[in-house]
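To keep things clear, I will list the structure first and then write my remarks on it.
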Number of protein chains: 4
Amino acid sequence: MAEHRTGPVRSEQARVDILSAAAHLFASRGYEHLTMEGIAAEAGVGKQTIYRWWGSKGGVVAECLIEGMLLPIRPAPSDSGDLRADLSIWLTEILEGIELLGGNAFLRSLIVAAAESDEVGARLRVSLGADASVVSRLRAAVRSGELRADAPLEEIGQALIGAVLVRAVMRLPSLQVGAADRIVDAVLGELR
Amino acid sequence: MAEHRTGPVRSEQARVDILSAAAHLFASRGYEHLTMEGIAAEAGVGKQTIYRWWGSKGGVVAECLIEGMLLPIRPAPSDSGDLRADLSIWLTEILEGIELLGGNAFLRSLIVAAAESDEVGARLRVSLGADASVVSRLRAAVRSGELRADAPLEEIGQALIGAVLVRAVMRLPSLQVGAADRIVDAVLGELR
Amino acid sequence: MAEHRTGPVRSEQARVDILSAAAHLFASRGYEHLTMEGIAAEAGVGKQTIYRWWGSKGGVVAECLIEGMLLPIRPAPSDSGDLRADLSIWLTEILEGIELLGGNAFLRSLIVAAAESDEVGARLRVSLGADASVVSRLRAAVRSGELRADAPLEEIGQALIGAVLVRAVMRLPSLQVGAADRIVDAVLGELR
Amino acid sequence: MAEHRTGPVRSEQARVDILSAAAHLFASRGYEHLTMEGIAAEAGVGKQTIYRWWGSKGGVVAECLIEGMLLPIRPAPSDSGDLRADLSIWLTEILEGIELLGGNAFLRSLIVAAAESDEVGARLRVSLGADASVVSRLRAAVRSGELRADAPLEEIGQALIGAVLVRAVMRLPSLQVGAADRIVDAVLGELR
DNA sequence: TAATAACCGAGACGGTACGTCTCGTCTTTTA
DNA sequence: TAAAAGACGAGACGTACCGTCTCGGTTATTA
């Protein structure tokens, strides 16, 4: 038995306008200057329409992430048989994506958003790739003998992404060429 | 020839009261609920006295870090000759310190503060130990042959700390026993 | 064709609460101690709600005057055929009204408010009666021959009210019995 | 027996600098924008030096009045035998003086200062001439028969000055030519 | 000719109020 | 009945002044 409802249905237009406005303002002014009122004004939408569907700024930003409006959704690292090369390419893409969007300043905004909102945090894990996708590539490496059987796969993934975040948070110089290689090198070591 | 200035001198009492109030409120309510008015009220101080000496919340928090009022200042990893053991002990201490102060929620607050304020960011690097102290321990490891000569020492340090941060930011389960070991294992590998 | 606007309408409750609070605080503490924050707190209203509708303290006080919440709105002097008696009664009522509300101190507050805000100044002219109402009584006196045809009617009205104000401003002893008569006598002279 | 005191004596330089600064700021920005800090800065003086000798802004302004730094001290109306002419000249001078210094806006500032400070109020009475000097001229007029013996002399003086103040307070159009004559006419009437 | 006051400039201090901004909720009208 | 518009109570922001209280440095007496 389908449940019936009368009246207009959620406006897809409004939803898209809000997400676009949020993504645009996030990119141009950063999460700390992102306000509900600003999003509503930019989107040409009542504030209530935002609060009706999302509980907070964080929720809106999280949905932007899901939709790939803030960060292009990361592909999994590919499997060419050479783990180091695969991870290096994958990390390079991430670093370049961030650089394109504003570099460390943008990344810091993203980190603040993630730290303030569990929705964003959870989403960012996917968008940045610090999740199953790396782990499954690492698992393949275990199978192929590139990594030993009891290697702490999740921690390796986290160390790779973490090395990127930490540079943004702690104001180390912005990312340079070769950074991805050095990070992979740092985590995977010479001859593993 | 010393330069002379007349007039009253900065009140050390007020400075300490402000930092104590800020540290206390940070610890109990988190950075996002930390307000200049709250600090002033808690410290029994005029707001202007805060603005006179610090330009922002971030500045105050950074000085709290310097004074070791938020995080105990980290000792360098010791050098017992066994790099993995030394790093593991050092990282365990850091994790326990954070856990004691509120765990990942506290760490997230710290990260937000660091991401929003370059002063805090720079200070946090020292307080969390993601700086010269690890690197110099790693350098010793190079000399003793535990690490190869061209290992990317800074990136190794960042990967270690980054693995801790990333778990907080991305809402991975709070830190457990053995976490330090696994992180060190992830970064240093089996038999380096 | 009426212009339409969507959205909530101005809250009459808030408006009245604000004016009551302002009038009450003015009467009890004087204009110089009247603060926007005090009004907002007393009225149980956000400060922004005051600023949304009035630009300044002066505007609020002016509207209090319009509403007769500070000074009862003055009736015009009546016309019994005896100008001096009519003016004397009228001025006596004004003096008694002021005396009741705090005497010269209250009047000084009113004068400060008027001097600082053109809205209050314009309104006070009406409330104190230094306007058309006296002049029209004087015009009747011209018609009945009590005043000569080219008497400077406006200046006469201003001199009457001015004699009251000047005693407040210049800290002359507070108003006594017979004051109204003497003022009317001073301005109209013996046998005009 | 003179009482003796050790230490330096009050600095005449500072006193004059403060009064000049106050008078200058009053003239250029008005009493409502006159601040103790502004005076101190303009005078190149410590705030305490002001508070040491005057209790308040009002006190400083009152002394400016005494020194004739805000308003030239008014001469008494002269006695040519023609009361109306004498008063008219005297009032014209007052109006011209005010006009020169900023007109009604300046006068309003003066009124606010007087209403807020009893020292200024008392002083202004002298400076504006609403005091013994008019009354004594009026008394001469009684003696010469121009005014009847029981005319309320003080109230006449107050009505004259009051008519000027009331125009400033109540935002009536700024003073015009002939105003003095009309005011004298209003108060003294045709043929007294 | 010290010692001792009080003056002076400078300005830090605890406060109060300012006017603005944003929050999240609530209310009204339109479609 | 969702959506736009936007008013509302709340409260933090950063600034301006308040009046008091140190600071050193600098005069004038007084011992």
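Just so we're on the same page: letters track the sequence lines, and every chain starts at 1.
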Open item on the list: Across nucleotides 9-16 of chain F, 5' to 3', mark each nucleotide with B, S or - according to how protein heavy atoms within less than 4.0 Å reach it.
Closed with: BB-BBBBB
Task: d(CD, Glu32(C); P, dC18(F)) in whole Å - done: 16 Å
TODO: Rounded off to whole Å, could you give me the CD1-to-C1' distance for the Ile50(A) and dC23(E) pair?
DONE: 12 Å
Open item on the list: Over 60° means perpendicular and under 30° means parallel, so tell me whether Tyr31(D) and Phe26(D) are parallel, tilted or perpendicular.
Closed with: tilted
Open item on the list: Measuring only between side-chain heavy atoms, which start at C-beta, is Leu124(A) closer than 4.5 Å to Leu71(A)?
Closed with: yes
Task: Gap between atoms CD and C1', on Gln13(C) and dC26(E) respectively (whole Å) - done: 15 Å
Open item on the list: Between Arg108(B) and Gly30(B) (side chain of the first, backbone of the second, donor and acceptor by atom type, cut-off under 3.5 Å), is there such a pair?
Closed with: no
Task: Integer-rounded Å distance: dA17(E) C1' and Glu42(C) CD - done: 17 Å
- [ ] Between Arg15(B) and Val9(D), just flag the one whose closest nucleotide in DNA chain E comes earlier from the 5' side.
- [x] Val9(D)
Open item on the list: Below the 4.0 Å mark, does dC8(E) have OP1 or OP2 next to a side-chain nitrogen or oxygen of Trp53(D)?
Closed with: yes
Task: Ser56(A) side chain near Glu119(A) side chain, heavy-atom distance below 4.5 Å - done: yes
Task: Gap between atoms OH and C1', on Tyr31(D) and dC17(F) respectively (whole Å) - done: 14 Å
- [ ] Give the rounded distance in Å between these two atoms: CZ of Arg10(C) and C1' of dA5(F).
- [x] 18 Å
Task: Within 45° cone of Trp53(B) ring axis and under 6.0 Å: Arg10(B) NZ or CZ - done: yes
Open item on the list: What I want to check is whether an N or O donor and acceptor connect the side chain of Thr6(C) with the base of dA4(F) at under 3.5 Å.
Closed with: yes
TODO: Examine distances only and state if a side-chain atom of Ser20(A) and a backbone atom of Val16(A) form a donor-acceptor pair shorter than 3.5 Å.
DONE: yes
TODO: Measure from CD on Glu12(B) to C1' on dT22(F) and round the result to the nearest Å.
DONE: 16 Å
